[in-house]
Amino acid sequence: MSHQRLINRKPSRALAAFLGALPFLMLFFVYQWGSDLRRQENPKDKLLPAFTEIGTAMNELALQPSARTGEYLFWQDTGSSLRRLSIGMGVAAALGLVLGLAIGALPLVGAPLSPLVTAISLIPPMAILPILFILFGLDELSKIMLIVIGVAPILIRDLCQRTKELPREQLVKAQTLGANSWQVIVRVLLPQITPRLLDAVRLSLGTAWLFLIAAEAIASSDGLGYRIFLVRRYMAMDVILPYVAWITLLAFCTDWLLLKLNQRLYPWYYANR
Amino acid sequence: MTSSLLRAFAAPLIALALFSASSPVLAKDKFKVCWSIYVGWMPWGYGDQAGIIKKWAKKYNLDIEVVQINDYVESINQYTAGSFDGCTMTNMDALTIPAAGGVDSTALIVGDFSNGNDAVILKGKTALKDIKGQKVNLVEMSVSHYLLARGLETVGMSEKDVKVVNTSDADMVATYGTKDVTAVTTWNPLVSEILAMPGAKKVFDSSQIPGEIIDLMVVNTKTLKENPNFGKALVGAWYEILGKLATDKAAKEQMAKASGTDVAGFDSQLASTKLFYKPDEAVKFTKSAELKKTMEYVAKFSFDHGLLGQGAKDSAFIGVETPAGIYGDSKNVKLRFDPSVMQMALDGKL
């Protein structure tokens with residue numbers, strides 16, 4: 001025991017949980033302390049508001065109807081953002097699956113499309129915003145399209161790679177057994193690609209949030225990104241900080257749910273890992 | 001063990017010390033002010049490059065660093081957080097950001113007021129009342145929003161009659177080109193860009209509420225009190241720079257170029273700006289009773305939009321001191337219009 005090498009020593013479950021929580025606790029106290037320090041000098045400091053103030057601000061946004069519109073702003077923002085994100089990711093995932101599979105499986109489709117997709121995936125969407133505005137307007141469509149344009153090319157390229165990585169022997173075997181092209185794609189490739197799609201979606205969620213927040217900052221009347229950029233105008237960190245924490249939590253939950261979904265739907269995918 | 005623990009904790013400690021507010025030091029000699037691109041503030045950039053600010057700082061044995069910040073709101077936030085001793089901003093933002101954030105601020109220099117630089121523009125319509133029921137793209141909670149509210153009042157409407165869509169100023173011109181956008185409220189040089197596009201018609205502008213959108217150099221009141229020479233150096237430099245702008249063609253050319261236009265374009269922006277070239281005009285404007293009235297309008301608008309902070313129960317929550325009297329709570333004065341240093345410039349005492 002005493003001679004166990006460092007690389008073989010593992011923390012117990014309880015210790016691991018404690019060690020995992022420790023940095024968060026430290027962040028919490030460092031924040032508290034910094035906030036107190038600044039408030040000693042200026043009791044109304046806006047940069048690092050006290051937790052009580054954050055509570056008051058969030059109570060107003062989440063639990064009281066807005067005086068001007070009668071809506072619960074926090075939930076309205078969350079609903080709008082999640083709707084845009086899920087539609088955008090849904091479209092991007094569908095495109096990723098169909099095009100990625102087609103390009104990866106059919107050389108005749110890959111030849112014309114592959115270079116195009118690569119080129120498009122390298123264009124930074126934020127740099128061509130004026131063109132996107134003209135094409136898709138300023139309403140919901142443009143916000144969803146920004147996510148699609150930002151994420152779909154990455155998914156397509158990734159799934160195309162994953163398709164090509166599948167063992168060649170499987171395709172040969174299926175053909176030997178008499179499968180035609182359609183049957184190979186639908187019965188051999190598609191089932192193996194779908195869990196990889198969910199994996200790719202999980203990895204690109206961060207990118208999707210980035211584009212969503214950007215779209216909402218540019219022109220909007222609700223959404224989590226809208227609120228953050230709006231109240232930034234008067235430095236209301238008591239709203240911005242809990243919104244950021246909320247976005248982080250939402251992103252974490254989405255990621256976790258997708259992982260669980262994938263494990264439940266495709267247990268074999270995780271079997272030999 | 002102890003030393004490694006110490007080390008582990010020392011790093012966050014040092015980080016904290018850095019981002020906590022600067023400790024109070026009396027009589028300092030190094031100051032930082034920031035500014036952002038706007039017709040009425042271009043003189044700061046020129047004065048920095050031409051060495052005029054340095055010259056005046058030297059006269060008072062000070063060191064004043066002038067920093068240009070590309071993001072206007074960020075510059076005010078940085079000032080409010082304590083990174084700068086002074087910053088250019090409008091009267092409304094001075095009230096809603098530093099003053100509402102508890103940073104006692106003084107409008108050291110009243111530079112100009114917008115006299116047409118901010119405008120409401122409709123597409124294919126000719127009168128302000130046609131705006132009813134339309135979506136209006138603007139930077140929410142900015143002076144544009146204030147201008148729209150004041151404009152709607154003049155035709156017996158209120159914000160309820162339109163739908164405001166928050167739109168980044170950086171994308172205002174591009175979005176105007178889309179068919180979704182039929183009404184915008186924005187400021188120059190965006191106004192002139194948009195008016196050059198087909199169907200655009202200006203239906204209301206800031207010349208119809210003269211003197212209400214004021215561009216200032218705001219400094220930290222405590223810093224100014226402890227270091228009166230800092231104020232003197234800034235004001236002295238400011239009027240020397242404005243003298244250059246009025247008489248020196250090369251100076252104007254440099255400011256025009258820095259703001260991304262040519263002399264003709266800069267002149268047209270100056271035409272819709274009431275710039276106080278001489279301290280007498282600025283002092284007179286600051287002392288007038290209208291300024292107090294204006295700040296009352298601004299405070300009401302800000303309170304209605306929740307900009308005065310959580311603690312505010314009414315629009316008089318924050319006191320605004322003007323030579324004509326205090327608007328609001330005299331026990332909670334956080335914004336002061338003080339013409340005394342501009343008066344010194346007028347009297348030739350700098």
Side-chain angles (χ1 to χ4, degrees), chain A residues 26-27 29-31 33-49 52-54 56-57 59-60 66-69 128-139 141-142 214 216-223 225-227 229-239, chain B residues 8-9 12-13 15-17 19-24 72-74 76-77 80-82 93 95-104 135 137 139-142 145 159-160 163-168 170-181 302 304-311 332 334:
Chain A
M26 275 179 64
L27 267 181
F29 284 118
V30 166
Y31 178 90
W33 187 29
S35 173
D36 284 350
L37 270 183
R38 286 187 68 95
R39 306 181 81 69
Q40 276 169 16
E41 246 180 60
N42 172 11
K44 280 190 200 145
D45 178 62
K46 282 184 158 186
L47 188 70
L48 304 176
T52 49
E53 275 175 42
I54 294 180
T56 316
N59 174 46
E60 237 164 73
S66 150
R68 286 172 66 208
T69 59
I128 50 163
L129 277 179
I131 300 176
L132 299 183
F133 289 149
I134 302 291
L135 283 177
F136 305 114
L138 270 183
D139 282 336
L141 180 64
S142 67
E216 289 179 339
I218 289 159
S220 189
S221 47
D222 59 6
Y226 159 81
R227 193 71 52 199
F229 276 81
L230 180 65
V231 302
R232 176 176 160 267
R233 255 209 99 77
Y234 50 101
M235 210 172 152
M237 296 307 289
D238 53 349
V239 174
Chain B
F9 280 98
L13 272 179
L16 242 187
F19 80 85
S20 71
S22 54
S23 52
Y72 168 63
V73 172
E74 196 50 39
I76 307 174
N77 284 346
T80 307
D93 294 317
L95 178 67
T96 59
I97 308 177
V103 177
D104 194 329
K135 275 197 274 190
N137 292 72
V139 178
E140 256 185 80
M141 314 299 189
S142 70
H145 202 166
E159 266 190 79
K160 290 192 181 72
K163 181 161 170 41
V164 168
V165 180
N166 189 38
T167 306
S168 151
D171 298 299
M172 200 63 80
V173 177
T175 55
Y176 185 82
T178 71
K179 63 177 184 341
D180 293 336
V181 175
S302 305
D304 287 345
H305 291 82
L307 304 185
L308 297 187
Q310 286 175 21
N332 187 31
K334 290 294 177 199

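Lettering follows sequence order; numbering is per chain, from 1.
- Residue contact with chain B, scored on non-hydrogen atoms closer than 4.5 Å, involves the backbone and the side chain of Glu53(A) alike.
- Shown here are the salt bridge (Lys or Arg N to Asp or Glu O under 4.0 Å) partners of Arg232(A), two or more places apart in sequence or in another chain: Asp71(B), Glu74(B).
- The minimum heavy-atom distance linking Ala219(A) with Val165(B) is given by the pair C-CG1, 4.2 Å.
- Ranked by heavy-atom pairs under 4.5 Å with chain A, the list Asn77(B), Val73(B), Ile76(B) is led by Asn77(B).
- The line from NZ of Lys46(A) to CD1 of Ile97(B) is 7.0 Å long, rounded to the nearest 0.5 Å.
- Only the side chain of Leu129(A) has a heavy atom closer than 4.5 Å to any heavy atom of chain B.
- Looking at Asp222(A), neither its backbone nor its side chain comes within 4.5 Å of chain B, counting heavy atoms on both sides.
- Considering every non-hydrogen atom in both Met235(A) and Ala81(B), the closest pair reads CE-CB, 4.0 Å.
- Within the model, atoms OG1 of Thr96(B) and OH of Tyr234(A) stand 9.0 Å from one another, a figure rounded to the nearest 0.5 Å.
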Can you give the donor-acceptor pairs under 3.5 Å from side chains of residues 172-181 of chain B to other protein atoms, not counting sequence neighbours?
| residue | atom | partner | partner atom | Å |
| --- | --- | --- | --- | --- |
| Thr175(B) | OG1 | Asp171(B) | O | 3.0 |
| Thr175(B) | OG1 | Met172(B) | O | 2.8 |
| Thr178(B) | OG1 | Thr175(B) | O | 2.8 |
| Asp180(B) | OD2 | Leu138(A) | N | 2.5 |

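- Heavy-atom distances place the side chain of Asn137(B), and not its backbone, under 4.5 Å from chain A.
- Contact of Ala57(A) with chain B is made through backbone and side chain together, with heavy-atom distances under 4.5 Å.
- Expressed to the nearest 0.5 Å, how far CG of Asn332(B) lies from NZ of Lys44(A) amounts to 3.5 Å.
- Across Gly101(B), Ser168(B), Ala100(B), the residue that shares the most heavy-atom pairs under 4.5 angstrom with chain A is Gly101(B).
- Note that NE2 of His305(B) and CG of Leu230(A) are 10.0 Å apart. Values are rounded to the nearest 0.5 Å.
- When heavy atoms are compared at a cutoff of 4.5 Å, Lys160(B) does not approach chain A at all.
- Asp93(B) touches chain A through its side chain: at least one heavy atom from C-beta onward sits under 4.5 Å away, while N, CA, C and O do not.
- Both the backbone and the side chain of Asp139(A) come within less than 4.5 Å of a heavy atom of chain B.
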